[in-house]
Asks: 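The structure is given below, and queries will be raised subsequently.
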Amino acid sequence: MTLRQLKKETRVLPRAFFDRPAEAVARDLLGTVLVRRANGATLAGRIVETEAYLGQGDRAAHSARGVTERTRVIFGPPARAYVYLIYGMHYCLNLVAEPEGTAGCVLLRALEPLCGVDEMRRLRPKARRDRDLASGPAKLTQALGVTLDDYGRDVLRGDLTVRAFHYPTMHKTAIGPRIGINESRELPLRFHIADNEHVSVR
DNA sequence: CCGCGGATCTTCT
DNA sequence: GAAGATCCGCGGA
């Protein structure tokens, strides 16, 4: 898909979209498009897998132990980026949900590349196939060049935005337990597009 | 295709 | 001092 087509067929999601329960935001983000400007190029991918992290009763969430230097953005206004370093070497990107003062965010786990695939390959040379480019939370940040510099960034304008198609785009949503956590395993907070080649775990 | 272990460092106990 | 919202390369089937 060309960038021109994308801009014509989509609009930037408003803050009200994110000012809702994290579960609803995670589900509704499926099928929308994450757009990134990096190194003079514009990269975009369809969001095909997300996970919700809640404010209360979710012991797997980073926000479960209250406000810290790292987690403060999760408690702030919606539609901001929460980026963190995991295992000392990878970054993960979340979008903050819920009204200001309430914790909640959505981990972006996988994209289906739509625009700027050449630049994504430069940023992520280890990817062999297109479906290796962003089929995992840290692969996604590598492919888009997202780092701690993006911590707290507003996603309504600027170099990182989310856009939805004007026309309805149908898909079947699959729901299950989140990946790679030990606490609150039983909560069905992982959402992905069923039968999509680009999700992290198939 | 599958399972295993190493890399590497911030955060919280 | 240990665990962690992960990825990759290796070896074997």
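Note: hydrogens, waters and symmetry copies are ignored here, and every other heavy atom, side chains too, is used. It should be emphasised that the depicted structure is a prediction, and the values quoted were computed from it without experimental measurement.
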Asks: Looking across every strand, which nucleic acid part, if any, lies under 4.0 Å from R70(A) by heavy atom: base, sugar-phosphate, or nothing?
Replies: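 Result for R70(A) = sugar-phosphate.
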
Asks: Roughly, in whole Å, what's the span from CE in M89(A) to C1' in dA7(B)?
Replies: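 M89(A) atom CE is separated from dA7(B) atom C1' by 4 Å.
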
Asks: Quick check: any donor-acceptor pair below 3.5 Å linking the side-chain of Y87(A) to the base of dA3(C)?
Replies: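 Per atom types, no contact qualifies.
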
Asks: Using whole Å, report how far CG of D132(A) lies from P of dC1(B).
Replies: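 Going from D132(A) (CG) to dC1(B) (P), I get 10 Å.
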
Asks: Does R72(A) count as lying over the ring of F75(A), i.e. NZ or CZ under 6.0 Å from the six-ring centre, within 45 degrees of the axis?
Replies: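 Verdict for F75(A): no cation-pi partner in R72(A).
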
Asks: Is H62(A) near enough to dA5(C) that one of its side-chain N or O atoms lies under 4.0 angstrom from OP1 or OP2?
Replies: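 Yes, H62(A) has a side-chain N/O under 4.0 Å of OP1/OP2 on dA5(C).
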
Asks: Show, in sequence, the C-alpha distance, side-chain angles and deciding distance for D159(A) and R36(A), and conclude whether the side-chain contact (heavy atoms from CB on, under 4.5 Å) test is met.
Replies: CA-CA 5 Å; D159(A) 292 350; R36(A) 168 69 166 175; 4.2 Å; yes

Asks: Test the R46(A)-F165(A) pair against the cation-pi criterion, namely NZ or CZ under 6.0 angstrom from the six-membered ring centroid and within 45° of the ring axis.
Replies: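 No, cation not above the ring by the 6.0 Å, 45° rule.
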
Asks: Could you say whether N182(A) or G136(A) is positioned toward the 5' end of DNA chain C, judged by the nucleotide with the nearest heavy atom to each?
Replies: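 Of the two residues, N182(A) wins.
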
Asks: What is the distance from CG of L140(A) to C1' of dC7(C), rounded to the nearest Å?
Replies: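 Interatomic distance, CG of L140(A) to C1' of dC7(C): 14 Å.
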
Asks: Find the partner of dC2(B): check Watson-Crick (N1-N3 plus N6-O4 or O6-N4) and G-U wobble (N1-O2, O6-N3) distances, both under 3.5 Å, and reply none if neither fits.
Replies: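 Its partner is dG11(C).
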
Asks: Between E183(A) (CD) and dA5(C) (C1'), how many Å, whole number?
Replies: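 That distance rounds to 12 Å.
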
Asks: Going by purine N1 to pyrimidine N3 plus the second Watson-Crick contact, or the G-U wobble pair, all under 3.5 Å, which nucleotide sits opposite dT8(B)?
Replies: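 Result: none.
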
Asks: Consider the side chain of P137(A), meaning its heavy atoms from C-beta on, and name the nucleotide among dT10(B), dC7(C), dC1(B) that approaches it most closely.
Replies: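 Closest of the options to the side chain of P137(A): dC7(C).
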
Asks: Would R121(A) and D130(A) pass as an ion pair if we require N to O under 4.0 Å?
Replies: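 Counted as a salt bridge, because a side-chain N and a carboxylate O are separated by less than 4.0 Å.
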
Asks: Can you tell me the distance, in whole Å, between the CD atom of E51(A) and the C1' atom of dG4(C)?
Replies: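 These atoms are roughly 14 Å apart.
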
Asks: A138(A) near the nucleic acid: base, sugar-phosphate alone, or nothing, with a heavy-atom cut-off under 4.0 Å?
Replies: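 Touches sugar-phosphate only.
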
Asks: Starting at atom CZ of R185(A), determine the distance to atom P of dG4(C), rounded to an integer number of angstrom.
Replies: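 To the nearest whole Å, that distance equals 10 Å.
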
Asks: Could you tell me whether the phosphate oxygens of dA5(C), OP1 or OP2, come under 4.0 Å of any side-chain nitrogen or oxygen in R190(A)?
Replies: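 Answer is no, no contact under 4.0 Å.
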
Asks: Counting only side-chain heavy atoms from C-beta out, which of dA5(C), dT10(B), dT6(C) sits nearest to Y82(A)?
Replies: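 Nearest listed nucleotide: dA5(C).
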
Asks: Looking at R129(A) and D132(A), is any side-chain nitrogen of the basic one under 4.0 Å from a carboxylate oxygen of the acidic one?
Replies: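 Yes.
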
Asks: Check whether any side-chain N or O of T68(A) sits under 4.0 Å from OP1 or OP2 of dC12(B), and answer yes or no.
Replies: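 Yes, T68(A) has a side-chain N/O under 4.0 Å of OP1/OP2 on dC12(B).
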
Asks: For L93(A) and dT6(C), give me the distance from atom CG to atom C1', rounded to whole Å.
Replies: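 Checked: the CG to C1' distance equals 15 Å.
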
Asks: Quick check on dC8(C): is either OP1 or OP2 less than 4.0 Å from any side-chain nitrogen or oxygen of R124(A)?
Replies: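 Indeed, a polar side-chain atom of R124(A) lies that close.
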
Asks: Rounded to the Å, how far apart are I86(A) CD1 and dA2(C) C1'?
Replies: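 My rounded result for the distance is 15 Å.
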
